[in-house]
*Asks:* 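First, the structure itself, so that you have it in front of you.
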2 protein chains.
Amino acid sequence: MGLTKTEFFTESQNKTAMLLKALGHPARVAIIEHLLKVRTCICGDLVNELPLAQATVSQHLKELKSAGIIKGSVEGAAVCYCLDESAFEVLAAYFSGVISGVKSQKSNCC
Amino acid sequence: MGLTKTEFFTESQNKTAMLLKALGHPARVAIIEHLLKVRTCICGDLVNELPLAQATVSQHLKELKSAGIIKGSVEGAAVCYCLDESAFEVLAAYFSGVISGVKSQKSNCC
DNA sequence: AAATTTAATCGTAATATTGCAATCATACGA
DNA sequence: TCGTATGATTGCAATATTACGATTAAATTT
């Protein structure tokens, strides 16, 4: 075990969980917030910004990128990273959908 | 290692990451979506609904509850669970903030 | 009281994540 | 071309997560 049984959940549930899991680490939240401030940056900038080694930052960037949360384009020797707006639109829509669903419920709890 | 360095991130970053991590599993997304449909349910309902054993479902419920995403109230021998609206309001506000931040940036990427 | 229902907890196994040092690969400048 | 800058990858150790069977505990039913 230790293996998530993704095959028994819907495509949508797996996709949503995958996005949220990718953001479910303070270092990756910090990367997002730094990109909100500076729009674009390279890995080295984040290594200076975060209390983590270069290998660790690179790994977090890889996870964010493979989840579709950031984009990276090669810029000479460096790689330029920026936010992928579409992922956040999906998540914002998801949560506003949840909220309107909750609000449409009669009472709050049992 | 294998230990997240939460002490080096802000309170807000840790809190956001904690909420997102709690939702970053398809079973827990499925639990949220089921609660959206039925408003309240007990653990046994979810055991019938999900392809997971009772102990596993109970563990997922515990994680959601300790993150503040669901509430549970004892109802005789059973425990009645429902969504905690406030957590979703925090997250919806977070993502709409991210989106307006991204939109205020000049160009999309480098 | 005994049996049943409900779900939390314990113990364990398998796998995933986090973090880092070291190394590797690529692009650029001297 | 040789050195330098940048960052991805590899290999490893420590810890966390996922899942489940078995057990436990509490409330309800018979």
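The figures here come from the full heavy-atom set of this structure, side chains too, leaving out hydrogens, waters and symmetry mates. Chain identifiers are assigned alphabetically (A, B, ...) following the order of the sequence lines, protein sequences preceding nucleic acid strands; residue numbering begins at 1 within each chain.
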*Asks:* Scan residues 43-69 of chain B against DNA chain D and write down, sorted by residue number, each residue with any heavy atom closer than 4.0 Å; if none is found, say none.
*Replies:* B/L52, B/A53, B/A55, B/T56, B/Q59, B/H60, B/E63
*Asks:* Test side chain to side chain contact (heavy atoms under 4.5 Å, CB included) on A/I70 and A/C82; report intermediate values, then the result.
*Replies:* CA-CA 6 Å; A/I70 62 173; A/C82 67; over 6 Å; no
*Asks:* Is B/E89 salt-bridged to A/K103, going by a charged N under 4.0 Å from an acidic O?
*Replies:*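 So B/E89 pairs with A/K103 through a salt bridge.
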*Asks:* Provide, to the nearest angstrom, the distance between the NZ atom belonging to A/K21 and the C1' atom belonging to C/dT17.
*Replies:* 8 Å
*Asks:* Without decimals, in angstroms, what is the distance between A/E75 CD and C/dA27 P?
*Replies:*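 Distance check: A/E75 CD to C/dA27 P gives 13 Å.
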*Asks:* Along DNA chain D, 5' to 3', what are the outermost nucleotides having an atom less than 4.0 Å from a heavy atom of chain B?
*Replies:*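 Nucleotide range in contact with chain B: D/dA13 to D/dT28.
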*Asks:* Give the intermediate values and the outcome of side chain to side chain contact (heavy atoms under 4.5 Å, CB included) for residues B/F95 and A/V90.
*Replies:* CA-CA 9 Å; B/F95 286 112; A/V90 168; over 6 Å; no
*Asks:* Which distance, rounded to the nearest 0.5 Å, do you find between the CG of B/L46 and the SG of B/C41?
*Replies:* 3.5 Å
*Asks:* Is the shortest heavy-atom distance from the side chain of B/D45 to the side chain of B/V38 under 4.5 Å?
*Replies:* no
*Asks:* Of B/A78 and A/A27, whose nearest nucleotide on DNA chain C comes first from the 5' end?
*Replies:*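 The residue closer to the strand's 5' end, by nearest nucleotide, is B/A78.
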*Asks:* Check the pair A/F88 / A/L83 against side chain to side chain contact (heavy atoms under 4.5 Å, CB included), numbers first and verdict last.
*Replies:* CA-CA 9 Å; A/F88 294 100; A/L83 297 174; 4.0 Å; yes
*Asks:* Quick one: side-chain hydrogen bond (donor to acceptor under 3.5 Å, both in side chains) pairs with a partner in residues 15-25 of chain B, sequence neighbours left out?
*Replies:*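 Residue pairs passing side-chain hydrogen bond (donor to acceptor under 3.5 Å, both in side chains), neighbours aside: A/T4-B/H25.
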*Asks:* Would you say the side-chain atoms of A/N14 pair up with the backbone N or O of A/T6, donor to acceptor, closer than 3.5 Å?
*Replies:* yes
